[in-house]
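Read the structure below first, then the notes.
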Amino acid sequence: MTVKTRFAPSPTGYLHIGGVRTALYSWLHARKAGGKFLLRIEDTDRERSTQASVDAILDGMKWLALDYDEAPVYQTDHFDRYKVVIQQLVDQGDAYPCYCSKEALETMRDQQRANKEKPRYDGRCRDRTTPKEGVDPVIRFRNPTEGEVVIDDLIKGKVVIANKELDDLIIARSDGTPTYNLTVVVDDLDKEMSHVIRGDDHINNTPRQINIMHALGKNPPQFAHAPMILGDDGKRLSKRHGAVSVMQYRDDGFLPEALINYLMRLGWSHGDQEIFSREEMIELFDVADVNGAASIFNSEKLLWLNQHYIKTLPVATLIEQLQWHLTHQKLDVSKGPALSDVIEVQRDRAKTLVDLVASSRYFYEDFESYNEKAAKKQFKTATPNIMQAVHDALSSLTHWETGEINDVILATCEALSLKLNKVGPPLRVAVTGTAMSPSLDTTLYLVGRERTLERITKAIAFNRAKYA
RNA sequence: GUCCCCAUCGUCUAGUGGUUAGGACACCGCCCUUUCACGGCGGUAACCGGGGUUCAAGUCCCCGUGGGGACGCCA
C-alpha cells in the first residue's frame, strides 16, 4: 500500500504552531516512505472560513518548505459528492432525518448535565417515520448502539471506545451542507489516505468516523494522534490562548530551520540528538516514536536553536532569509560593506534575524545619537584628546585593513601611555554608537575608512561640547 | 459530571526489570577575552502517591492524585 498522508486545516484563522507540528509529522511520514503528502482545506463552515486564512496557511507552508504533492483540495468543491454519500447512508438506513430544534437539543443537554451525565443526543428521532411540517431536518448518522470501536493508534496504542458512549452525530445541517465528520471520512476514503496524523483533540471523533467508514463498506486508514502543545502555564496552546501565527515567528526573526527542528524535537526524540537536518529528519522520524504526552512550548530553547542555525547555516541562506527583514526594518545594505562579510562577523552574537539587522545597522547608516548608557560610561573629559590621537593615527594609514588598524590602535595607546581599555571602549562607542560590536579592528575595517574618521570627528565635537 | 489520553530535573527528553538515573535548554560558577557574544570546563536540579508482581521496579499490574482533551446544525 502506498503511503498517503494529509494536513487538513480549517481556514478560520492563521496557521499556528500546533497545526504546523501535525503538518510536519504528516509530511515527514510521507516523505520517509516515499509516499504522497496532500493539503486539504476544510472550509465547509462557510460562516467562519476566509480567504485570508487560506492564504495564511499557504504562506506558512511555503515559508516552512512543507511541500505537498497535488494542488490543495477544497472541501467546498466536493459538496455534490458529499450529498451523494449522505443520501446513500440514508437509503441504507444508516442515517436518518432529525427534526429537533437547536433549543430542544440545548435543554436536553442541560438536563443531562444536571443529572451528571455526558451530554449527548438521545436518539429521539431515530425511529420517526413521519416528517415534521415546515422543519428542515438535519441528517444524523445511526451509530451502532452496541459493541466497541478499537483504534490501533500509532502513537497512543490501543484505544477502545464503547459504542454506547457515542451518539448519533449530525452529518448534514438543516441547510443540507455536510459537517466535519462526514467530509473527513469521504475525502480520506476518496483520496485513499493510508495514514491520518492529527492532533489528539480529534481522538474522540475517530470512533465515529470509523463507524461511518464501516457503514460505507470501507476500511479505515491508520491513525496517529499527536498530543497537544501547551503554553508556559500548562494550558493548551490555542489561537485564543498564547498561540501565534507561524508567520509571526518569521517576523520575529526566526529561521524556518529552527522552528521545524524545534517542533519535531518537541515530543519526539532520537537519543540525545538535538540538531537535525531535513535529511536526517526524514531518515530518522517514525511517527510511532512520538511521545504520547502533551508538551510545553519553551521559547528559550527555540531561541537557542535559532541562534544555532544563525551561526551555522550557509551565509547565502541567511542572506535569503534576511531580505524580508531588511525591507521591513528599512535597512539599505547597498552602500557599505558586503552583507556576507557583516553576517560572518555578527552571526555569533545574534539570537534572531531581527537582532542581526538591528545590531548591524551602524555598518550602513550613520546614527543620530549614542546609546545613552554606553556614552555615559565611556565618554570622559579625556576623550576628545584620545580620539584626536586615534583619528590622526588612523588617517595616516595607507592600507585600510584589520592588521594595520589593530597596530595603529595599539601604537596610539603606547604613545598616550594608556591601556587599551581606556582607548578601545570609547572608540567603539564613537564609531558604532553602542557598547557592543565585533572586535575593533574588524568593526572599523567594515565600517570603512571614511565613515570611521567622520564618526571619530563627530565624537570629538560631541565631547568637546559636553565638557566645555 | 461522563468518556478518552497522559505522568523522569523548572522545560524538552533518554531510559524498555539490575544505571553513580544520561543529554539538551534555562540557571549558577570558573576559564578564554579589546566590549558584546561564541567557545571550553564544572555545578544545582527529576522517577506524583499508595498498593501489588518479582530475588530485583523509573521500567510490569491495580487504585488514587494531578494535568490535558472531548462532550456543537465548529473543525
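Letters A, B, ... mirror the listed sequences (proteins, then strands); counts begin at 1.
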**Item:** Distance, C1' atom - from B:C48 to B:A56, rounded to whole angstrom
**Value:** 23 Å

**Contact state string [nucleotides 41-49 of chain B, B base, S sugar-phosphate only, - no protein heavy atom under 4.0 Å]** = ---------

**Message:** Within 90° of 0 counts as syn, otherwise anti: where does B:C38 fall?
**Reply:** syn

**Request:** Could you please name the option among B:C38, B:A70, B:C36 that lies closest to any side-chain atom of A:Met436?
**Result:** B:C36

**Residue among A:Arg142, A:Arg208, A:Arg109 satisfying salt bridge (charged side-chain N to carboxylate O under 4.0 Å, His left out) with A:Asp167** = A:Arg208

**Prompt:** Quantified in whole Å, what is the C1' atom distance between nucleotide B:G10 and nucleotide B:C61?
**Reply:** 31 Å

**Asked** Quick one: the side chain of A:Gln273 and the base of B:G23, do they pair up donor-acceptor inside 3.5 Å?
**Response** no

**Asked** According to a strict under-4.0 Å criterion, is A:Thr44 in side-chain N/O contact with OP1 or OP2 of B:A75?
**Response** yes

**Prompt:** According to a strict under-4.0 Å criterion, is A:Arg347 in side-chain N/O contact with OP1 or OP2 of B:A37?
**Reply:** no

**Prompt:** When you measure from the side chain of A:Asn204, which nucleotide among B:G23, B:U11, B:C3 comes out closest?
**Reply:** B:C3

**Asked** Say you pick atom C1' in B:U59 and the same atom in B:G1; how far apart are they, in whole Å?
**Response** 34 Å

**Message:** Tell me whether the side-chain N/O atoms of A:Ser295 come closer than 4.0 Å to OP1 or OP2 in B:U13.
**Reply:** yes

**Item:** Between B:C25 (P) and A:Glu300 (CD): distance, integer Å
**Value:** 12 Å

**Fill in**
From the candidates B:A26, B:U35, B:C12, the one with an atom nearest any side-chain atom of A:Trp304 is B:A26

**Request:** Could you tell me whether A:Leu420 contacts a base, only the sugar-phosphate backbone, or nothing, with contacts defined as non-hydrogen atoms closer than 4.0 Å?
**Result:** base

**Complete:** Test salt bridge (charged side-chain N to carboxylate O under 4.0 Å, His left out), reference A:Asp122, set A:Arg126, A:Arg124, A:Arg120, output is A:Arg124

**Request:** Indicate, with a heavy-atom threshold strictly under 4.0 Å, whether A:Pro425 touches base, sugar-phosphate, or nothing.
**Result:** nothing

**Prompt:** For A:Val159 and A:Tyr262, take the nucleotide of RNA chain B holding the closest heavy atom to each; which residue's nucleotide lies nearer the 5' end?
**Reply:** A:Val159

**Prompt:** Under 4.0 angstrom, heavy atoms only, what part of the nucleic acid is A:Thr179 near: base, sugar-phosphate, or nothing?
**Reply:** sugar-phosphate

**Prompt:** If you find the nucleotide of RNA chain B closest to A:Gly271 and the one closest to A:Gly424, which residue's nucleotide is nearer the 5' end?
**Reply:** A:Gly271

**Message:** Let's test your reading of the model: under 3.5 Å, does the base of B:C36 pair with the side chain of A:Arg349 as donor and acceptor?
**Reply:** yes

**Asked** B:U13 P sits how many Å from A:Leu263 CG, rounded?
**Response** 12 Å

